[in-house]
Amino acid sequence: MTASEASDTPDFSAGIDSGRLSDGGTLAGRVGDDDAVLVRRGDTFHVIGARCTHYGGPLADGLVTGTALRCPWHHACFDLASGEALRAPALDPIPCWRVERVGNTVFARERLPAPRPRVIAGPALPPGIVVIVGGGAAGLAAAEMLRREGYPGTITMLSADASPPCDRPNLSKDFLAGNAPDDWIPLRPPEFYAEHAIDLVLNARVTTLDAQRKEAVLDDGRRFPYGALLVATGADPVRLDVPGAAAGQLLYLRSFSDSKAIVARAAGAKRALVVGASFIGLEVAASLRARGIEVHVVGPEKVPLERVLGTEAGQFVRRLHESHGVIFHLGRTVGRLDGGKVTLDDGSSFAADLAIFGVGVRPSLALAEQAGLAIDRGIVVDRYLQTSAPDVFAAGDAVRWPDPHTGDNIRVEHWVVAERHGQIAARNILGQRVVCDIVPFFWSQHYDVAINYVGHAERWDAIDVDGDLDTRDCAIRYRRGGRTLAVATIGRDILSLREEVAMEGSAASR
């Protein structure tokens, strides 16, 4: 904070009139040199850190609900009294200061200690060994929550990836665009795993899950016994056979290694083929345009993202990308690649020296099928994320769970959902019986436009647009049978949070 900025913001350590805030209000300020936010809940005041620990969202612009504050950017949630990160995508707490009220004046005093891991109490003993299969969002969030909840036993993470758990949304956004350095990408630094006694085993591909003997077996024969096991295998990119394509010519984006490979190829590229007008494909297109590369997007659909966002929003997204120079070939597929020549199914062609495919993913189910777990277009779990096998839980992209809001069994491929699944599964491994009643949330970044989406609507019978897409100020509601199933917003962060809260309340009343 500069000297001029400090002079423009109230210093809560010097005291502030309590009347400046109404119930549920927030006020940006500072405590000495530290940015802070004053929050009022009833007659109680809290002073907390000003920035979300996920991507630094401004918490003064967030929403107060109960005894928590929600971040306006990506819907992380923090406890006002302790600063604990209650829900992903934030995993780390925010700072808190002790507050003293003298008459009508509120003072921020000393900074409070960071939350400490809880101590497990009660008659139930946790499993002696927890094995987590998968090194993505759900797996890391589960391991972290186990330690936060005071689990003292062994935790082993078996990851088929070569790199530690990473910030996967960034791989198609800032990192690919060249705006994020390598050290931003790991979710946790190497020392985190040692400090929290988490045994992270990389390049570890589990091929056999023996639910009777309670063992996970790797392809090299190593065996890992467990008391409880979490399957967090995620999803794998759909891979296509393209006539004429050379070995290694087709690039896909799932892992940190994949993104680095695209960055390396992009360094010498002038024109790129992106196959798939999906969120991933279009985020890749935006990132490559930021590098000055000519981008051609090919997809079989007539309107980008129409299946998820509807026609009007999909047309807006197309106009947005075209305004940045992206060239669309929609209603088309790739017929052949000959070196740097791309030929489409209608015979038209163009040159491209970089080819990236983002045509969707499939849940990784091979291990679950081998183990005999119940499968229905995903790993079937109950509302506690327990599979059909004793002491085996599942979380993330591969899971189909009962959604209390829609009444359907749903499978969702969202980063934040995977993390929240992992947190809930960890607590249920410890016997806490936490119902998975989350409202799905995701965000997608296209140049300077962020789209936030809460809820889940696989199908709808009505779409209501409030506001104007082209002025980037709108809310789009997806309804079925008169009920709002999902809401997409642009430029209305606080509304997105309020819709999330309303959906949570609706689910609780069903």
Side-chain angles (χ1 to χ4, degrees), residues 1-119 144-145 148-150 416 419-420 423 441 452 492-498 500-501 504:
M1 180 184 295
T2 66
S4 60
E5 288 172 333
S7 64
D8 293 336
T9 58
D11 185 348
F12 301 137
S13 63
I16 189 166
D17 183 358
S18 62
R20 290 186 61 175
L21 276 184
S22 58
D23 186 17
T26 62
L27 177 65
R30 57 193 173 92
V31 179
D33 293 330
D34 295 320
D35 291 336
V37 178
L38 177 67
V39 180
R40 180 171 188 169
R41 201 65 180 119
D43 290 329
T44 302
F45 291 82
H46 304 273
V47 176
I48 59 174
R51 293 287 173 180
C52 176
T53 55
H54 175 231
Y55 280 176
L59 295 180
D61 297 335
L63 180 68
V64 178
T65 57
T67 59
L69 179 64
R70 304 188 187 208
C71 175
W73 283 4
H74 305 132
H75 294 211
C77 187
F78 298 93
D79 183 84
L80 287 170
S82 68
E84 181 178 5
L86 299 176
R87 295 192 314 184
L91 300 176
D92 293 314
I94 54 175
C96 288
W97 287 266
R98 184 175 69 85
V99 175
E100 182 180 9
R101 185 171 180 179
V102 180
N104 292 323
T105 304
V106 174
F107 296 88
R109 300 304 193 190
E110 72 276 9
R111 185 165 169 167
L112 298 174
R116 298 182 61 83
R118 285 173 275 279
V119 177
E144 189 273 342
M145 183 58 75
R148 202 194 304 181
E149 290 293 318
V416 174
E419 288 187 303
R420 292 178 181 173
Q423 294 177 326
F441 167 81
N452 282 358
R492 297 189 179 183
D493 290 343
I494 199 72
L495 175 64
S496 181
L497 288 170
R498 287 176 176 146
E500 181 181 55
V501 172
E504 289 171 354

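Along the sequence shown, the residues carry numbers beginning at 1.
- Under the 3.5 Å distance criterion, the side-chain polar atoms of Asp11 are matched with a main-chain donor or acceptor of Gly32.
- Listed by chain and residue number, Arg118, Arg148 satisfy the salt bridge (charged side-chain N to carboxylate O under 4.0 Å, His left out) test with Glu84 (two or more places apart in sequence, or in another chain).
- Counting heavy atoms from C-beta on, the side chains of Ile94 and Cys52 never come closer than 4.5 Å.
- For Asp92, the side chain to side chain donor-acceptor pair (under 3.5 Å) test picks out Arg188, with sequence neighbours left out.
- The stretch residues 44-63 participates, sequence neighbours left out, in no salt bridge (charged side-chain N to carboxylate O under 4.0 Å, His left out) pair at all.
- Put simply, the side chain of Thr67 does not reach to within 4.5 Å of the side chain of Arg41, judged on heavy atoms.
- Residue pairs that meet the salt bridge (charged side-chain N to carboxylate O under 4.0 Å, His left out) test with at least one member in residues 98-110, sequence neighbours left out, are Arg98-Glu110, Glu100-Arg109.
- The aromatic rings of His75 and Phe441 sit parallel, their planes meeting at an angle under 30°, below the 60° perpendicular limit.
- Between Phe12 and Leu27, the closest heavy-atom pair is CZ-O, 3.4 Å.
- Val106 approaches Ser18 most closely through the heavy-atom pair CG2-CB, 3.8 Å.
- Proximity of a side-chain donor or acceptor of Asn452 to a complementary backbone N or O of Trp73 within less than 3.5 Å is detected.
- In plain terms, the two heavy atoms of Gly83 and Phe78 that are nearest each other are O-CD2, 3.7 Å.
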Working for side-chain contact (heavy atoms from CB on, under 4.5 Å), residues Thr26 and Leu59: CA-CA 9 Å; Thr26 62; Leu59 295 180; over 6 Å; no
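- Shortest non-hydrogen contact noted between Ile16 and Pro10 is CD1-CB, 4.0 Å.
- Nearest approach of Thr53 to Ala90, heavy atoms of both residues: OG1-CB, 3.6 Å.
- If you take CD on Glu419 and CD on Glu144, they are separated by 9.5 Å, rounding to the nearest 0.5 Å.
- For the pairing with Leu63, the side chain to side chain contact (heavy atoms under 4.5 Å, CB included) check across Asp493, Leu495, Leu497 returns one residue only, Leu497.
- Qualifying salt bridge (charged side-chain N to carboxylate O under 4.0 Å, His left out) partners for Arg70, counting only residues two or more places apart in sequence or in other chains: Glu500, Glu504.
- Across every non-hydrogen atom of His46 and Leu80, the tightest pair is ND1-O, 3.4 Å.
- Remark: Arg40 pairs with Leu21, Asp43, Phe45 by the side chain to side chain contact (heavy atoms under 4.5 Å, CB included) rule, at least two apart or across chains.
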